> 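One structure, as structure tokens, below. Some questions next.
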Protein chains: 2
Amino acid sequence: MVLDLSQDVVALTAALVDVPSVSGDELVITELIEGALRAYPALDIVRDGNVIIARTDLARAQRVVLAGHTDTVPIADNVPSRLDDGWLHGCGSSDMKSGNAVFLRLAHLVGSGALDPAVDLTWVFYDCEEVAARRNGLGRIAREHPQLLAGDLAVLGEGTNGDIEGGCQGTLRAVITTAGTRAHSARSWLGVNAIHLAAPVLSRLAAYQAREVSVEGLTYREGLSAVAISGGVAGNVVPDECTITVNFRFAPDRSADDAVAHVREVFDGYDVEVVDLAPAARPGLDAPLAQALVAATGTEPRAKLGWTDVARFGELGIPAVNFGPGDPNVAHKPEECVAVEKISAAEATLIKFLS
Amino acid sequence: MVLDLSQDVVALTAALVDVPSVSGDELVITELIEGALRAYPALDIVRDGNVIIARTDLARAQRVVLAGHTDTVPIADNVPSRLDDGWLHGCGSSDMKSGNAVFLRLAHLVGSGALDPAVDLTWVFYDCEEVAARRNGLGRIAREHPQLLAGDLAVLGEGTNGDIEGGCQGTLRAVITTAGTRAHSARSWLGVNAIHLAAPVLSRLAAYQAREVSVEGLTYREGLSAVAISGGVAGNVVPDECTITVNFRFAPDRSADDAVAHVREVFDGYDVEVVDLAPAARPGLDAPLAQALVAATGTEPRAKLGWTDVARFGELGIPAVNFGPGDPNVAHKPEECVAVEKISAAEATLIKFLS
């Protein structure tokens with residue numbers, strides 16, 4: 001089987017959906033993409049595990065990175081794809097094989113000489129985005145070969161309905177523990193109830209006023225949420241421990257360290273252990289290249305709420321945005337689909353941007 | 001094997017400890033006790049499952065019930081018994097085979113004519129006290145044959161260090177549930193956090209002022225404790241449910257219904273589901289017979305904190321107290337033991353009381 005990049009972008013999306021690539025099982029799709037890209041002598045190809053990187057070397061002043069993950073969540077009886085009344089259905093259609101199809105079409109246009117881009121281009125197709133962060137292929141390249149990701153703007157093909165979503169929130173998880181003294185509940189005054197001691201922790205959470213902050217013209221809304229609480233030994237025992245796990249989603253004007261300090265301040269006086277921390281990414285929309293991409297879409301950019309791989313570029317100092325034809329509301333659902341007109345429109349937008 | 005009730009009460013305790021009788025496995029000890037009691041023609045014997053009831057029929061004006069459970073918690077390498085420097089060690093030595101030995105010695109003295117009691121007597125030896133309440137042998141008799149438990153005072157041989165402990169606390173368990181709306185924690189403002197909603201529930205628990213109340217001369221201290229809390233869906237989800245389990249231990253001046261009403265009042269405005277309820281028992285120390293027992297011990301009676309089977313007699317309208325040579329602090333522990341002088345003293349107290 002050969003992947004034909006000269007076909008229509010919707011047909012190419014369908015072809016990608018028809019190759020199962022659940023996280024951890026990206027070998028076949030990676031080899032198909034590698035084979036297709038190696039057909040263009042103008043592209044330098046690097047294969048690293050199940051990551052494929054293709055680069056032009058046109059000596060342009062600036063370089064744009066187009067990045068997409070090839071994996072999907074588990075298939076839910078929704079492969080192969082199905083085209084129905086302007087919608088392409090199937091696992092990964094929205095998240096994010098339609099974005100990959102757009103990027104691969106650009107590789108064909110540039111590789112075949114049909115499009116002479118104003119910038120150099122790097123394509124990155126990577127594995128294991130839908131699973132634990134430590135397996136993420138883009139993360140591995142960022143750690144081991146960051147020079148391969150160098151550029152002036154990165155575009156991630158995650159579904160944004162064809163709009164630009166800038167930057168991303170940071171996320172911090174912390175466990176707050178209260179410690180008491182066990183006792184039989186028939187003699188509760190002999191103990192110290194750790195669940196009762198958690199009352200002020202929950203009160204602070206309930207009273208917390210989250211910031212809404214503008215960063216480079218985009219509005220980010222923060223949030224501090226309890227995501228778990230647990231305590232109790234037995235039905236007749238005053239418990240000696242209660243743990244509350246909180247998740248702080250923070251705007252890109254805070255560094256990861258600032259976020260930790262803020263959470264420690266909110267829960268001052270309590271035992272706070274940070275168990276997970278991923279930095280936010282600034283939207284980077286003040287860069288001229290990003291402005292040009294925004295202009296090409298013709299719509300207003302939005303802040304990205306949620307953590308995405310743009311933050312990996314942010315950590316390398318590369319402005320990065322999300323831009324893809326998919327619809328995030330149907331991602332990870334059996335009814336996942338994408339509007340075919342959004343796929344074609346995204347291709348047209350990027351052609352316009354790169355010309 | 002025959003159980004010899006004519007032997008010294010300490011030796012008899014040791015003999016009982018040496019017969020394993022973990023809850024659910026009381027057949028052997030029940031048959032030994034039954035065989036021993038059937039040797040006395042003056043006693044009417046009823047066997048019902050693994051419950052043995054023996055009764056005198058002396059046409060006395062009043063009747064005292066002596067009740068003890070024959071089961072123990074699981075053996076922890078502490079059977080057979082071991083006598084060491086005034087202490088008898090072994091599983092069930094304190095809880096409550098020493099109490100049973102005292103009661104069986106009285107059966108021997110009365111059955112053999114050595115003691116002419118001032119009251120009629122009923123002995124009840126029952127199974128499955130250490131496990132789920134629905135399996136409790138005394139509870140079954142109280143439901144199915146309450147006339148067999150009739151009397152003017154019941155004495156439970158649970159360990160009290162040889163003092164009188166009157167009545168018992170009631171216990172109520174309730175689950176308080178807060179209901180919110182799930183959302184992604186990156187967009188927490190779209191949800192309602194059920195754990196945050198639990199803040200006032202914990203605040204009320206932390207601020208709760210428990211009563212200390214005198215009932216028939218004994219002081220009971222109440223307590224309202226969270227014994228469990230649980231909530232959370234995933235590390236990135238605003239949870240839609242949080243449950244708090246509370247345990248209310250209440251004094252015998254409250255009925256079970258009063259206790260329910262009180263807990264509902266404390267958590268007014270919240271969803272409160274009562275999941276477990278056992279009434280308190282009044283100490284009954286105003287009854288002349290109980291006064292006589294107190295006088296025989298020569299010590300001050302105390303309130304019983306914790307729920308015990310005296311409440312089952314309380315529900316039948318029979319005053320009931322705990323009185324036994326065991327030490328409640330070593331019950332259920334591998335190092336369980338009982339002071340031999342306490343066993344002999346308890347026997348002497350009951351002989352004095354019944355004479």
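Every chain is numbered from 1, with letters handed out A, B, ... down the list of sequences. As the structure is a computational prediction, the values presented were derived from the model and not from experiment.
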> Measure distances from B:Thr245 to the heavy atoms of chain A and classify the residue's part below 4.5 Å as side chain, backbone, both or neither.
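The answer is neither part of B:Thr245.
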> So which residue, A:Ala186, A:Pro239, A:Ala206, ends up with the most heavy-atom pairs under 4.5 Å with chain B?
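Most pairs with chain B among the choices: A:Ala186.
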> Measure distances from A:Ala210 to the heavy atoms of chain B and classify the residue's part below 4.5 Å as side chain, backbone, both or neither.
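Answer is neither: A:Ala210 stays 4.5 Å or more from chain B.
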> For A:Glu335, does the CD atom have more than 12 heavy-atom neighbours from other residues, nucleotides or ligands under 6.0 Å away?
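Yes - once you tally the heavy atoms of other residues, nucleotides and ligands closer than 6.0 Å, there are more than 12.
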> Is chain B contacted by the side chain of A:Arg173, its backbone, both, or neither, given a heavy-atom distance below 4.5 Å?
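Side chain only.
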> So what's closer than 4.5 Å to chain A heavy atoms on B:Asn236: side chain, backbone, both or neither?
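Contact with chain A involves both backbone and side-chain atoms of B:Asn236.
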> Taking B:Gly232, B:Ala194, B:Cys242 one by one, which has the highest count of heavy-atom pairs under 4.5 Å against chain A?
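Highest number of heavy-atom pairs under 4.5 Å: B:Gly232.
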> Flag the one option from B:Ser203, B:Ser188, B:Pro200, B:Ser225 with the top tally of heavy-atom pairs under 4.5 Å to chain A.
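It is B:Ser225.
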> Got a donor-acceptor contact below 3.5 angstrom from the A:His196 side chain to the B:Ala226 backbone?
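Checking the backbone N and O of B:Ala226 against the side chain of A:His196, a donor-acceptor pair under 3.5 Å is found.
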> Under a 4.5 Å heavy-atom cutoff, which of B:Thr171, B:Asn193, B:Leu224 has the most pairs with chain A?
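The answer is B:Asn193.
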> Check each atom of B:Arg221 against the heavy atoms of chain A and say whether the ones under 4.5 Å are side chain, backbone, both or neither.
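B:Arg221 touches chain A through backbone and side-chain heavy atoms alike.
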> Just so I understand: if I count every heavy-atom pair under 4.5 Å between each of A:Ser230, A:Gly191, A:Gly223 and chain B, which residue has the most?
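Answer, by heavy-atom pair count under 4.5 Å with chain B: A:Ser230.
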> Below 4.5 Å, heavy-atom pairs only: which of B:Ile229, B:Val227, B:Ile195 has the largest tally toward chain A?
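So the answer, after comparing B:Ile229, B:Val227, B:Ile195, is B:Ile229.
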> Does any backbone or side-chain atom of B:Ala234 lie under 4.5 Å from a heavy atom of chain A? Answer side chain, backbone, both or neither.
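Backbone only.
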> Taking side chain as everything from C-beta outward and backbone as N, CA, C, O, which of these in A:Leu197 sits under 4.5 Å from a heavy atom of chain B? Side chain, backbone, both or neither.
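It is neither, since no heavy atom gets under 4.5 Å.
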> Among A:Arg204, A:Gln169, A:His184, which residue forms the greatest number of heavy-atom pairs with chain B at distances under 4.5 Å?
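Among the listed options, the one with the most contacts to chain B is A:Gln169.
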